[in-house]
Amino acid sequence: MKRIIVIIAGIIVIAANTIFSQVYGKIYSGNEADKIYGPVLNSVAINTIELQSYMSRTNKYLLFNIIDNKLILLDNKRISIYPENKTISNDVIFKVVSLSVLEELLNKGNSTTTYIEKRQDVLSITNGNYTLEYVGNCPPICF
């Protein structure tokens, strides 16, 4: 019986680790992103160095949204880091992006400006000629 409990606990730990260590984000060429997700309807620009400074203030994930044409960034605990101290209701859906994929985008794009873009059904992030999409939603999966 003890052995079965240990095996079940191990399976639960492995499953939880897999769920919570997912990589959120896939990088496409700009043209490929337009074909898959459609044209950009609205975008907000942010200086890439400034974005990197916000990335350093969170752990593994950065959450994005555009509300009233203004960019809002949350850390992995859903605490507002841009603008600071902004109160966000827990039911507002933010897009979850893995820092590792976001850093890869910024390195590939090598542009001083990054664009957070609303498209028909998705939020994308573009730097240079590369676009990041395929991100998660928080809620339902928040860290």
Side-chain angles (χ1 to χ4, degrees), residues 4-143:
I4 293 173
I5 292 172
V6 169
I7 291 171
I8 291 172
I11 291 169
I12 291 170
V13 167
I14 290 169
N17 191 32
T18 300
I19 290 169
F20 291 112
S21 65
Q22 280 185 311
V23 174
Y24 286 107
K26 182 174 178 185
I27 297 173
Y28 302 92
S29 72
N31 292 337
E32 188 180 17
D34 289 344
K35 287 178 188 172
I36 295 169
Y37 299 109
V40 173
L41 304 174
N42 182 26
S43 71
V44 176
I46 185 169
N47 179 286
T48 300
I49 292 173
E50 185 179 352
L51 177 58
Q52 289 171 320
S53 76
Y54 295 123
M55 291 167 60
S56 71
R57 295 175 56 187
T58 187
N59 187 15
K60 291 188 184 181
Y61 305 99
L62 187 61
L63 286 70
F64 290 82
N65 203 342
I66 298 174
I67 298 174
D68 297 327
N69 294 321
K70 293 185 170 94
L71 177 64
I72 299 175
L73 301 175
L74 306 180
D75 69 8
N76 59 303
K77 296 177 184 172
R78 282 190 63 99
I79 296 170
S80 178
I81 56 177
Y82 179 81
E84 285 193 58
N85 302 320
K86 182 166 182 65
T87 302
I88 301 294
S89 173
N90 286 334
D91 61 342
V92 176
I93 296 174
F94 275 73
K95 300 299 181 175
V96 181
V97 177
S98 295
L99 292 179
S100 59
V101 179
L102 184 55
E103 188 64 43
E104 181 182 348
L105 171 75
L106 301 180
N107 288 334
K108 276 184 161 185
N110 197 31
S111 174
T112 58
T113 305
T114 301
Y115 297 91
I116 315 310
E117 307 160 328
K118 278 199 172 184
R119 297 173 187 252
Q120 184 65 36
D121 296 317
V122 299
L123 184 130
S124 58
I125 303 168
T126 295
N127 184 281
N129 194 35
Y130 295 93
T131 298
L132 185 152
E133 216 306 297
Y134 198 70
V135 297
N137 289 330
C138 172
I141 303 208
C142 300
F143 309 95

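Small disclaimer: the values here were computed from a predicted structure and weren't measured.
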Would Thr131 and Thr126 satisfy side-chain hydrogen bond (donor to acceptor under 3.5 Å, both in side chains), going step by step from the backbone distance to the final call? CA-CA 4 Å; Thr131 298; Thr126 295; 2.8 Å; yes
Apply side-chain hydrogen bond (donor to acceptor under 3.5 Å, both in side chains) to residues Glu117 and Ser124 and explain how you reach the verdict. CA-CA 5 Å; Glu117 307 160 328; Ser124 58; 2.7 Å; yes
Would Asp91 and Ser89 count as a side-chain hydrogen bond (donor to acceptor under 3.5 Å, both in side chains) if you check the C-alpha gap in whole Å, the side-chain angles of each, and the deciding distance to 0.1 Å? CA-CA 5 Å; Asp91 61 342; Ser89 173; 2.3 Å; yes
How about [X] and [Y]: do any of their side-chain heavy atoms sit closer than 4.5 Å?
| X | Y | result |
| --- | --- | --- |
| Lys60 | Asn76 | no |
| Ile88 | Arg78 | yes |
| Leu51 | Phe64 | yes |
| Asn65 | Leu74 | no |
| Leu63 | Lys95 | no |
| Val44 | Lys70 | no |

Among side-chain atoms of Asn127 and Thr114, is any donor-acceptor pair under 3.5 angstrom?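 Yes, Thr114 and Asn127 have a side-chain donor paired with an acceptor closer than 3.5 Å.
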Give the ring-plane orientation class for Tyr28 versus Tyr37, where under 30° counts as parallel, over 60° as perpendicular and anything between as tilted.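 The rings of Tyr28 and Tyr37 stand perpendicular, inter-plane angle above 60°.
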Sequence-distant partners of Tyr130, ring pair (Phe, Tyr, Trp, His ring centres under 6.0 Å), two or more places apart: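 Tyr130 satisfies ring pair (Phe, Tyr, Trp, His ring centres under 6.0 Å) with no other residue.
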Measure across Gly128 and Ser111 and return the closest heavy-atom pair with its distance rounded to 0.1 Å.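 Shortest heavy-atom contact: N-CB, 3.5 Å.
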Show the nearest heavy-atom pair for residues Val101 and Lys26, with the distance to one decimal. CG1-N, 4.3 Å
Determine whether Val96 and Phe94 satisfy the following criterion, side chain to side chain contact (heavy atoms under 4.5 Å, CB included), listing intermediate values before the conclusion. CA-CA 6 Å; Val96 181; Phe94 275 73; 5.9 Å; no
